[in-house]
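Notes follow the structure.
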Amino acid sequence: MRVKIGDIQVLPVWDGVGVEVAADILSRPGVEDPWTCHTEHLEADGTLRLPLGGFCVRTGERTVLVDTGVGAFDDGRYTGGDLLSSLADYGITPADVTDVVLTHLHFDHIGWVTHNGAAVFPRATYRAHRADWEYFVTGDNAQPSAVDKLTPLGTRLELFDADFTLAPGVDARHVPGHTPGSTVYVVSSGGRRAVLLGDVVHSVVQFSERDWEVIWDVDPAAASAVRNRIADQAADRDDLLVAAHFPGMRFGRVVVGDGDRRFVAV
């Protein structure tokens with residue numbers, strides 16, 4: 001679904017899908033089976049299908065890709081490979097992309113940064129938060145997938161350690177918790193705002209109850225605080241929210257009624 005935020009266009013870019021047992025990855029402390037209230041999000045076997053991909057932001061002369069999916073990859077649970085053809089469906093070639101920005105450095109968000117050791121987007125500047133680079137690439141917790149995908153970029157990759165404006169109406173905001181360098185991208189134009197969440201939220205059920213936990217959060221307490229702060233602000237401001245793992249990669253709003261909070265896709 002193409003979305004216009006004022007003069008800025010945001011396009012979901014599909015790459016593939018991941019399959020996880022919902023109860024294995026998302027839980028609520030002290031609640032034995034929290035998914036009984038959210039079965040509409042599950043497959044019959046209790047699995048959760050997680051779309052994989054990114055978002056293309058088109059503003060002025062800039063074509064910005066926020067995250068790059070899982071890449072040409074298939075381990076039986078996570079399967080990718082469609083991101084470039086999804087871009088082509090919008091009439092976008094790899095050479096058209098001016099910027100690649102990464103919300104964080106987990107393998108299912110950096111898959112098309114490089115391929116076979118070469119940058120996939122030949123004219124783009126790549127950007128990631130320094131805290132994630134130090135955690136996933138050069139630190140004690142270095143992940144081979146991140147090292148293999150990112151180090152071939154060399155000086156093409158710019159690390160940042162503060163919030164910044166990428167282009168008019170496209171702003172990076174550091175929100176550590178899921179990973180040390182997790183970053184959301186705020187798109188604003190014409191009095192409207194949308195927030196590209198990365199993995200601040202994995203499932204829309206995390207908007208319904210405040211205490212959901214996902215196994216991949218490096219700092220669960222910080223991740224929860226960030227998630228709930230963004231959700232509360234979005235409800236107050238009528239912001240659009242989206243994440244690659246949301247069903248259909250669809251945007252939506254957080255709606256509050258009778259003390260309950262929920263996500264409504266648009």
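Note on Leu196 and Val175: separate hydrophobic clusters, where clusters join Ile, Leu, Val, Met, Phe, Trp and Tyr whose side-chain heavy atoms are under 4.5 Å apart, directly or indirectly. At a threshold of 4.5 Å between side-chain heavy atoms, the hydrophobic network of Ile, Leu, Val, Met, Phe, Trp and Tyr places Ile8 and Phe251 in one connected group. Follow the hydrophobic side-chain contacts under 4.5 Å out from Val70 and you never reach Val113; the two are in separate clusters. A chain of hydrophobic side-chain contacts below 4.5 Å, direct or via other Ile, Leu, Val, Met, Phe, Trp or Tyr residues, connects Val97 to Leu153. The hydrophobic clustering, which links ILVMFWY residues whose side-chain heavy atoms are closer than 4.5 Å, places Trp14 and Tyr90 apart.
At a threshold of 4.5 Å between non-hydrogen side-chain atoms, the residues Val201 and Phe207 count as touching. Within the 4.5 Å cutoff, no side-chain heavy atoms of Pro176 are placed close to those of Asp219. For the pair His38 and Ser208, the minimum side-chain heavy-atom distance is below 4.5 Å. The shortest side-chain heavy-atom distance between Thr98 and Thr125 does not fall under the 4.5 Å cut-off. The side-chain heavy atoms of Leu166 and Val101, taken from C-beta on, include a pair separated by under 4.5 Å. Using a 4.5 Å cut-off on side-chain heavy atoms (C-beta onward), Phe164 and Arg127 make contact. Residues Asp199 and Trp216 fail the side-chain proximity criterion, which asks for heavy atoms closer than 4.5 Å. With contacts defined as side-chain heavy-atom distances shorter than 4.5 Å, the pair Ile215/Asp24 does not qualify.
Note that CG of Leu26 and CG of Leu48 are 7.0 Å apart. Values are rounded to the nearest 0.5 Å. To the nearest 0.5 Å, atom CG of residue Leu11 and atom CD1 of residue Ile92 are 5.5 Å apart. Atoms CD1 and OG, from Ile5 and Ser188 in turn, are 9.0 Å apart once rounded to the nearest 0.5 Å. One distance of note links OG1 of Thr59 with CG of Asp99; it measures 10.5 Å at 0.5 Å rounding. Put simply, OG on Ser182 and CG on Leu105 are 9.0 Å apart, with the number rounded to the nearest 0.5 Å. Interatomic distance, OG of Ser27 versus CH2 of Trp212, reported as 7.5 Å (0.5 Å rounding).
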Pair Arg210-Asp232, salt bridge (charged side-chain N to carboxylate O under 4.0 Å, His left out): steps then yes or no: CA-CA 11 Å; Arg210 292 178 173 271; Asp232 290 339; 2.8 Å; yes

Carefully, step by step, assess Val3 and Leu240 under the rule side chain to side chain contact (heavy atoms under 4.5 Å, CB included). CA-CA 10 Å; Val3 170; Leu240 288 173; 4.0 Å; yes

Just do the ring pair (Phe, Tyr, Trp, His ring centres under 6.0 Å) check on His106 and Phe136 with the steps written out, would you? CA-CA 8 Å; His106 279 152; Phe136 289 104; 5.3 Å; yes

Asp67 vs Phe55, side chain to side chain contact (heavy atoms under 4.5 Å, CB included): CA-CA, chis, key distance, verdict: CA-CA 7 Å; Asp67 289 340; Phe55 295 89; over 6 Å; no

Given the rule in the ring pair (Phe, Tyr, Trp, His ring centres under 6.0 Å) test, do Phe263 and Phe246 qualify, once you have shown the distances and angles that lead to the verdict? CA-CA 10 Å; Phe263 180 82; Phe246 284 5; 5.1 Å; yes

Show, in sequence, the C-alpha distance, side-chain angles and deciding distance for His109 and Leu102, and conclude whether the side chain to side chain contact (heavy atoms under 4.5 Å, CB included) test is met. CA-CA 7 Å; His109 293 257; Leu102 302 168; 5.7 Å; no

Show the numbers, then the answer: is there a side chain to side chain contact (heavy atoms under 4.5 Å, CB included) between Val200 and Val184? CA-CA 8 Å; Val200 168; Val184 299; 3.7 Å; yes

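For the 3.5 Å distance criterion, the side chains of His104 and His129 fail to qualify, holding no donor opposite an acceptor. If you check the side chains of His245 and Asp108, you find a donor sitting under 3.5 Å from an acceptor. Side-chain contact, Glu20 with Tyr78: a donor N or O sits under 3.5 Å from an acceptor N or O.
Across Arg28 and Pro34, no two heavy atoms sit closer than the pair CD-CB, 3.6 Å. Here the shortest heavy-atom pairing between Tyr126 and Val120 reads OH-N, 3.6 Å. When every heavy atom of Ala244 is checked against every heavy atom of Gly53, the shortest pair comes out as CB-O, 3.7 Å. Pairing each heavy atom of Val256 with each of Arg261, the nearest pair is CG2-CG, 3.9 Å. Taking all atoms of both residues into account, the shortest heavy-atom contact from Ala72 to Trp112 is N-CZ2, 3.7 Å. Pairing each heavy atom of Leu197 with each of Ala243, the nearest pair is CB-CB, 4.1 Å.
Taking a 6.0 Å sphere around CZ of Arg49, one finds it holds 12 or fewer heavy atoms contributed by other residues, nucleotides or ligands. Heavy-atom contacts from other residues, nucleotides or ligands closer than 6.0 Å to CD of Glu61 number 12 or fewer. The 12-atom threshold is not exceeded at CZ of Arg262, counting heavy atoms of other residues, nucleotides or ligands nearer than 6.0 Å. Within a 6.0 Å radius of CZ in Arg173, other residues, nucleotides and ligands contribute more than 12 heavy atoms.
Although no hydrogens or angles enter the test, the distance criterion places a donor-acceptor pair under 3.5 Å between the side chain of Gln206 and the main chain of Ser203. Side chain of Asp15 to main chain of Asp82: a donor-acceptor pair is present (N/O by atom type, distance under 3.5 Å, no hydrogens or angles). In this structure, the side chain of Ser189 engages the main chain of Asp7 through a donor-acceptor pair within 3.5 Å. For the pair Arg2 (side chain) and Val10 (backbone), a donor-acceptor distance under 3.5 Å is absent. A donor-acceptor pair under 3.5 Å is formed between the side chain of Asn228 and the backbone N or O of Ser224. Looking at Thr47, its side chain never comes within 3.5 Å of a backbone N or O of Glu43 through a donor-acceptor pair. The backbone N or O of Gly111 lies less than 3.5 Å from a partner atom in the side chain of Thr68, making a donor-acceptor pair. Looking only at distances, a side-chain donor or acceptor of His174 sits under 3.5 Å from a matching main-chain atom of Pro180. Using a distance-only test at 3.5 Å, with no hydrogens or angles considered, no donor-acceptor pair links the side chain of Arg227 to the main chain of Asp211. At least one donor-acceptor pair closer than 3.5 Å links the side chain of Lys149 to the backbone N or O of Thr114.
For the side-chain hydrogen bond (donor to acceptor under 3.5 Å, both in side chains) with Asp132, the qualifying choice from Thr103, Thr183, Thr179 is Thr179, the only one to do so. Only one option out of Val13, Thr93, Thr63 pairs with Leu87 in a side chain to side chain contact (heavy atoms under 4.5 Å, CB included); it is Val13.
The pair Asp238-Arg193 fails the salt-bridge criterion, with no side-chain N (NZ, NE, NH1 or NH2) lying under 4.0 Å from an Asp/Glu carboxylate O.
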